[in-house]
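Working notes, beginning with the structure itself.
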Amino acid sequence: MTPVTTQAAADHRPQTGSALGRFFSLENRYLPPLLITTILLVGQFGFGLLESFSRTLLAIGTAILLEMVLGRWFYGKVPNLASAYITGISVGILDRSPEFWPYALTSALAITSKYVLRWRGRHLWNPSNFAICAMLLLAPEYVATLSIQWGNTLWPMMIVWVLGALIVYRVRRFHITATYVVSFVVLSALRSAITGHPFLAEVAPITGPMYQLFIFFMITDPKTTVTPKWGQCVVAVVVAVVESVLRLAQNVDAAFYALTIVGPAALVIDIWWKTRKQARVRT
Amino acid sequence: MERRIPRVVVTVIFAGLLATPVLYRHVRAGRTEAPGAAAPATLLSRYGFGFRESSQESGIAFRHTSPNLDPKLNHIMQQVASMGAAVSVADYDHDGWPDIYVTNSGEGSRNALYRNLGDGTFRDVAAEVGLADVNGPGTGVSTGAVWGDYDNDGFEDVLLYKWGRPELFHNDAGKHFTRVSEQAGLPAWVNANTAVWLDYDGDGKLDLFVGGYYPEDVDLWHLKTTKIMPESFEYAANGGRKYLFHNLGGGRFEEVSAQMGIQSRRWALAAVAADLRGTGYPDLFVANDYGVSELYLNQGGHGFVEAGKQAGVGAAPKSGMNASIGDVMNQGRFGVYVSNISEEGVLVQGNNLWMPRTGDGVRYENMANAMGVEMGGWSFGAQFGDLNNDGFLDLYLTNGNVSLDRKRSYWYDYSKVAGGNRTIISDAANWPPFDGRSLSGYQQKRVWRNDGAGQFQEVAQLVGVTDVYDGRSVALADFGNRGVLDAVVANQNGPLLFYRNTASPENRWIEFDLEGSASNRSAIGAEIRLYWNGQQQVQEVLGGSGFCAQNDRRLHFGLGKLSDVERVEIRWPSGRKQTLAAPATGQIHHLKEPI
């Protein structure tokens, strides 16, 4: 995951006057890190969400350190570290392993993927999404993903939904989240009809924290989403559809894999389309 | 502007990172010896022990059956009715040979009491003594049993806990058992999966802890609602209540859990009571399914304070299914082993080995990963015991949840609903049908050999533990009075396995059979600290441990090749202390508490 404050979003910066308005604005690049940190702290102190603080700190530290080193090496300067921080913290929350090394390795894979898996100047995969999928494929005996809830009550889930929705709305990404959620619910009904399983069982996964991180931080990642708003909605629908296909094939981590498959493909088409359009304009 | 050379270098590093898990797996695999790589004699000399499954030749022919609960649960029956196979060891007839009691869980099925005939064979005498027909209609079915002489008459009585009516049977001089549940004041119905005998107040009479799993108002055969499931996979607090029965004497008990500070509705699956802090009073460790473990610290016999979170054992919620203790590093302090669930790519909880932090009696650190006893699949019962008599406690773990169709797994559907909010997960009607699939089935067991230097080596396949049944309960005992710990394993919907152990003869041993006088006669809670070869090991007589299990009350110490014991310190539950100087090795010492 990377911060949802981006050039694309920054092009539409709202004019906000009040302190609260400025806080919840696109200029505040630390808003998403603040949200995910809040999620982590509430989750850990309230419900023991993490495997351990030390593992999460290892993931964050690895991500930040690598970002500093690689950024300086590639571009001659240390880039803004909010992105690396979110990548690290996401890995620290979403990875579940009793061992330490997978946290460092997942973060390292995530950050290096940004510098390696590129096409026409853009990295194609959401870093943490790519790295988590890689670990699930390569080290399934050591790594699983977060699968637990926000305790037993609805309120923590509601708070995260409201806060998350507010923030993605302010950074003009709410349409992606909303499209995905609606698609997931509709497709849950479809899967329920196909499998004969209860609808609530099909819709259950989206009530957990893993999905909240997924829909607020991962699929909205501006660096790895297509440019047009309608395109972003289409991609969200396609991610949900591919996820549903994987779910029908009983894939436990269907959401991550769906984004890993659909995200880069959509981005490649988007880049190709834009290049073609620019070429036409020139001619 | 991007630079070409860094990109090439980073690409190489990236490829290396991708290859790391593969290399790591390769390195780890290289450390494990493949089964069949060495001859049995070589393996015996290398590991110091070897098991042979001997139930048939020992006269043991027992097969567990699961219950058929309310039809409303039919779609997930295999998952819900997946417990009940339990085994406990006690010398019920006081003939000096440990006997085996094993529970069954089908409606109308019979439990078995295998009397040890002393010649390597056993005979089921449950029907003769009145302990077979205990799963009758309307009474629920057995889930476990623990033995303790609650009336100090010299014969071990038995508490049979059930998903149903708990039963206390008085042992009539080893000849017959009389049901005394009502006189004792036991409740009419408890959906229990754990119970332990303990003398929490040191008054010389055994008290009893019983841990509920499903709430006690749920009759699993006549459900009023399908909303009986845990409200969360990790934070559930809607399970059965806990009971602490204070022994009043005269065969009567008073339920005192609330007064004594034990109030929990977590889904208890295992408990062990032992003096974890050297206070002279037993603390109570409870491993809970769907949540954190609880550690109840005994306040001098006047009550308990739950300190799991402060102690470090109650912070990260997992699926606790076992609680067993052992002085793993011969430090004179107990570690606690809690088993959990690990399934490749889905849920990697890892088991916990809670080791006490030096200098602080109530802080524990999970050393399972560092010491190599973490990954055990869908783990259930485990017990510590010195299987090769080398002077260090080894660990036997059984596992496997539901073994049905080998090719189809329920894990996807299980994880789907387990991640849902409580309104979804707590209603069985929302659970997808099991449909004959497996859920962590056909798993290889774990036998970890303690190298004495902080590492355990997994040797199950090498030492003959090759079954893949759905293991639940493990008990260890020296059934042949020959100084070697055998293992008996109860399997869900499977046979009772009797693994006869052959230990390397050059390693010496010593055993103690304690009998209390001022203390409870079973000597449950007595602690033996054995000093030899510049080291010490502590063991305690337990009134139940592991998962629905109880080892023999006799305490077994392996000594390695050095045969001399410097001294043995015994601390009786009454607080009396006794020291034996240089007791002879290679024999069982019968010790009565001095008055």
Checklist entry - Heavy atoms, side chains only, cut-off 4.5 Å: are A/W73 and B/V10 in contact? => result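 A side-chain contact under 4.5 Å exists here.
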Next on the checklist: Taking the side chain as everything from C-beta on, heavy atoms only, tell me whether A/F74 gets closer than 4.5 Å to B/R7.
Outcome noted: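 A side-chain contact exists here, since the closest heavy-atom pair is under 4.5 Å.
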Checklist entry - Can you name the nearest heavy-atom pair linking A/H197 to B/D413, along with the distance? => result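 That closest heavy-atom pairing would be CE1-OD2, 3.3 Å.
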Checklist entry - What's the shortest heavy-atom distance between B/R25 and A/A139, and which atoms? => result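 Shortest heavy-atom separation between B/R25 and A/A139 comes out as NH2-CA, 3.9 Å.
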Item to check | Contacting moiety of A/A201, where chain B heavy atoms sit under 4.5 Å | outcome: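 Both the backbone and the side chain of A/A201 come within 4.5 Å of chain B.
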Checklist entry - Side chain, backbone, both or neither: which part of A/L137 has an atom under 4.5 Å from a heavy atom of chain B? => result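 Neither the backbone nor the side chain of A/L137 comes within 4.5 Å of chain B.
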Item to check | Reported CG-to-CD1 distance for the pair A/L200 and B/I425, which is rounded to 0.5 angstrom | outcome: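 Atom-to-atom, A/L200:CG and B/I425:CD1 are 12.5 Å apart.
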Taking side chain as everything from C-beta outward and backbone as N, CA, C, O, which of these in [X] sits under 4.5 Å from a heavy atom of chain A? Side chain, backbone, both or neither.
{"X": "B/A19", "answer": "neither"}
{"X": "B/T423", "answer": "neither"}
{"X": "B/N430", "answer": "both"}

Pick from [options]: which one has the most heavy-atom pairs with chain B under 4.5 Å?
{"options": "A/W101, A/F199, A/Y211", "result": "A/W101"}
{"options": "A/P198, A/A144, A/P98", "result": "A/P98"}
{"options": "A/I206, A/V143, A/L136, A/T195", "result": "A/V143"}

Chain A interface, residue from [options] that has the most non-hydrogen pairs under 4.5 Å:
{"options": "B/D427, B/L18, B/L347", "answer": "B/L18"}
{"options": "B/Y412, B/F14, B/W431", "answer": "B/Y412"}
{"options": "B/L17, B/I13, B/T20, B/T11", "answer": "B/L17"}
{"options": "B/E343, B/E344, B/H75", "answer": "B/E344"}

Checklist entry - For the ring pair A/Y142 and B/Y24, is the centre-to-centre distance below 6.0 Å? => result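 Centroid distance A/Y142-B/Y24: below 6.0 Å, so yes.
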Checklist entry - Would you say B/K227 has more than 12 foreign heavy atoms packed within less than 6.0 Å of its NZ? => result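 No - once you tally the heavy atoms of other residues, nucleotides and ligands closer than 6.0 Å, there are 12 at most.
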Checklist entry - Around A/E99, counting heavy atoms of other residues, nucleotides and ligands shown, do more than 12 lie under 6.0 Å from its CD? => result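 Yes, CD of A/E99 has more than 12 neighbouring heavy atoms, counting only those of other groups under 6.0 Å.
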Item to check | Heavy-atom donor-acceptor pair, A/T207 side chain to B/N421 backbone, under 3.5 Å | outcome: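 Such a contact is found between A/T207 side chain and B/N421 backbone.
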Checklist entry - Could you name the residues of residues 245-254 of chain A that have a heavy atom within less than 4.5 Å of a heavy atom in chain B? => result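 From residues 245-254 of chain A, the residues near chain B are A/R247, A/Q250, A/N251, A/V252, A/D253.
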Checklist entry - Are there residues of residues 102-109 of chain A that reach to under 4.5 Å of chain B by heavy atoms, and which ones? => result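 Near chain B, by residue number: A/L105, A/A108, A/L109.
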Item to check | Pairing residues for A/A204 by the side-chain contact (heavy atoms from CB on, under 4.5 Å) criterion, not counting sequence neighbours | outcome: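 With neighbours one apart ignored, the set is B/I424.
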Next on the checklist: Once salt bridge (charged side-chain N to carboxylate O under 4.0 Å, His left out) is applied, do any residues pair with A/E202, and if so which ones, sequence neighbours excluded?
Outcome noted: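 Partners of A/E202 under the salt bridge (charged side-chain N to carboxylate O under 4.0 Å, His left out) test: A/R191, B/K416.
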